[in-house]
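Comments concern the structure below.
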There are 2 protein chains.
Amino acid sequence: MESRIDRIKKQLSGASYKLTPQREATVRVLLENEEDHLSAEDVFLLVREKSPDIGLATVYRTLELLNELNVVDKIQFGDGVSRYDLRQEGAAHFHHHLVCIECGAVDEIQEDLLEDVEAIVEKKWNFIIKDHRLTFHGICHRCQDK
Amino acid sequence: MESRIDRIKKQLSGASYKLTPQREATVRVLLENEEDHLSAEDVFLLVREKSPDIGLATVYRTLELLNELNVVDKIQFGDGVSRYDLRQEGAAHFHHHLVCIECGAVDEIQEDLLEDVEAIVEKKWNFIIKDHRLTFHGICHRCQDK
DNA sequence: ATTTTTAATGATAATTATTATTAAGTGAAT
DNA sequence: ATTCACTTAATAATAATTATCATTAAAAAT
């Protein structure tokens, strides 16, 4: 069966880009750290563990490229750095974030939840929704226990 | 009756800060441009029209302070700059944004829309919501006409 | 009132995140 | 083999923001 990396390779070549070793290394890091929300710097440091010669700008370019191809989502939580999330396979790529204002942890919600809201917005404001970002800020379950 | 600037003054003094002339000038600019989503640079240029001697750092410091006091919301749409919105008086300060991917315009939705969703999130993920950010990216009604 | 302390400011340097440039490397297609 | 487009690493450049620091204004204490 086709691996995720194969599929990403196809997405790249479909847009006439190549899966170079640097790009592959970057994608692998994203695959291996899917839970986290890595910044470009994070990705760079992780990629460099296995590919010590990669440049930071290459990582930025690769992430930007993957973002354009909708392989990753570039998101911002307000701390000044962009973070990059691999999109989930197929289905709804919609997911939301829970940012804890105590410990800074970022959890994910893998459900849409917004179908109804979107229908209202499209109709009432006459706006064609292509994407959305929903983040809740508050106290995570771990910090509530403390 | 109490003006908004008076109320902000109270919020500052309540936290033992003063409403200095520079801070007041900054707040006035925010009040006079409530529709827009001004960046620090925008605010700086507008403040300087009336208070030519103000420094950029002071504007940044003031905006940061106002953000900590929850007088303004510091938001990011992904274009690399932080923007500062005065919070609405009392009531639900919740509002959402429509960012047009064609022309870059940012419109506001002054309705909550998320009550139901929040109830679900609080219960299912055991997360105490203090705030949220919801942004839709898509095509605004103006660009649809073109 | 005058000193003492504290807070806030303006100017500017430093930092951080990101993007652009450049020169060199690589590989597919002649 | 040679060309040509793509990609890269290194580095420079830029933009946004933050830190530093000497100076000033205000408040508190004498």
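Below, all heavy atoms of this structure are taken into account, side chains as well, without hydrogens, waters or symmetry copies. Letters A, B, ... mirror the listed sequences (proteins, then strands); counts begin at 1.
For the pair B:Glu24 CD and C:dT9 P, the computed distance is 12 Å after rounding to whole Å. One atom, CG of B:Asp42, and another, C1' of D:dT17, lie 15 Å apart when rounded to the nearest Å. As rounded to whole Å, 17 Å separates atom P of C:dT26 from atom CG of A:Leu19. Note: CG (A:Leu65) to P (C:dA20) measures 14 Å, nearest angstrom. Going from atom CZ of B:Phe44 over to atom P of C:dT9 covers 14 Å, rounded to whole Å. Between A:Asp79 atom CG and C:dT18 atom C1' the separation is 15 Å, expressed in whole Å. D:dA16 atom P lies 15 Å from atom CG of B:Leu63, rounded to whole Å. Rounded to an integer number of Å, the gap from CG of A:Asn67 to C1' of C:dT19 is 15 Å.
Within the 4.0 angstrom heavy-atom criterion, only backbone atoms of the sugar-phosphate kind lie near B:Ser82; the bases stay farther away.
Of the candidates D:dT17, C:dA8, C:dG10, D:dT17 carries the atom nearest the B:Leu56 side chain, counting heavy atoms from C-beta on. If you check D:dT8, C:dT9, C:dA11 against the side chain of B:Ala57, the one that comes closest is C:dA11. Set against D:dA19, C:dA8, C:dT18, the side chain of A:Ala40 has C:dT18 as its closest nucleotide.
The cluster map of Ile, Leu, Val, Met, Phe, Trp and Tyr, joined by side-chain heavy atoms under 4.5 Å apart, puts B:Leu113 and B:Leu134 in the same cluster.
For A:Arg61 and C:dA20, the shortest distance from a side-chain N or O to OP1 or OP2 is not below 4.0 Å. Dashed line: the shortest gap from a side-chain N or O of A:Thr20 to OP1 or OP2 of D:dT8 is under 4.0 Å. One finds no side-chain N or O of B:Thr58 lying less than 4.0 angstrom from the OP1 or OP2 phosphate oxygen of C:dT9. When the side-chain nitrogen and oxygen atoms of A:Gln22 are compared with OP1 and OP2 of D:dA9, one or more of them lie within a distance under 4.0 Å. Residue B:Gln76 places none of its side-chain N or O atoms closer than 4.0 Å to OP1 or OP2 of D:dA16. A close approach under 4.0 Å does not occur between any side-chain nitrogen or oxygen of A:Ser39 and OP1 or OP2 of C:dA17.
Here the closest heavy-atom approach between residue A:Asn126 and residue B:Gln144 is recorded as O-NE2, 2.9 Å. When all heavy atoms are compared, the tightest approach of A:Thr26 to A:Gln22 is OG1-O, 2.8 Å.
Along DNA chain D, the nucleotide closest to B:Lys18 and the one closest to B:Tyr60 are compared, and the more 5′ of them pairs with B:Tyr60. Taking the nucleotide of DNA chain C with the nearest heavy atom to each of B:Ile54 and A:Lys74, the more 5' of the two is matched to B:Ile54.
Applying the side chain to side chain donor-acceptor pair (under 3.5 Å) test to A:Glu68 and every residue at least two apart in sequence or in another chain returns nothing.
The line from OG1 of A:Thr62 to OH of A:Tyr17 is 11.5 Å long, rounded to the nearest 0.5 Å.
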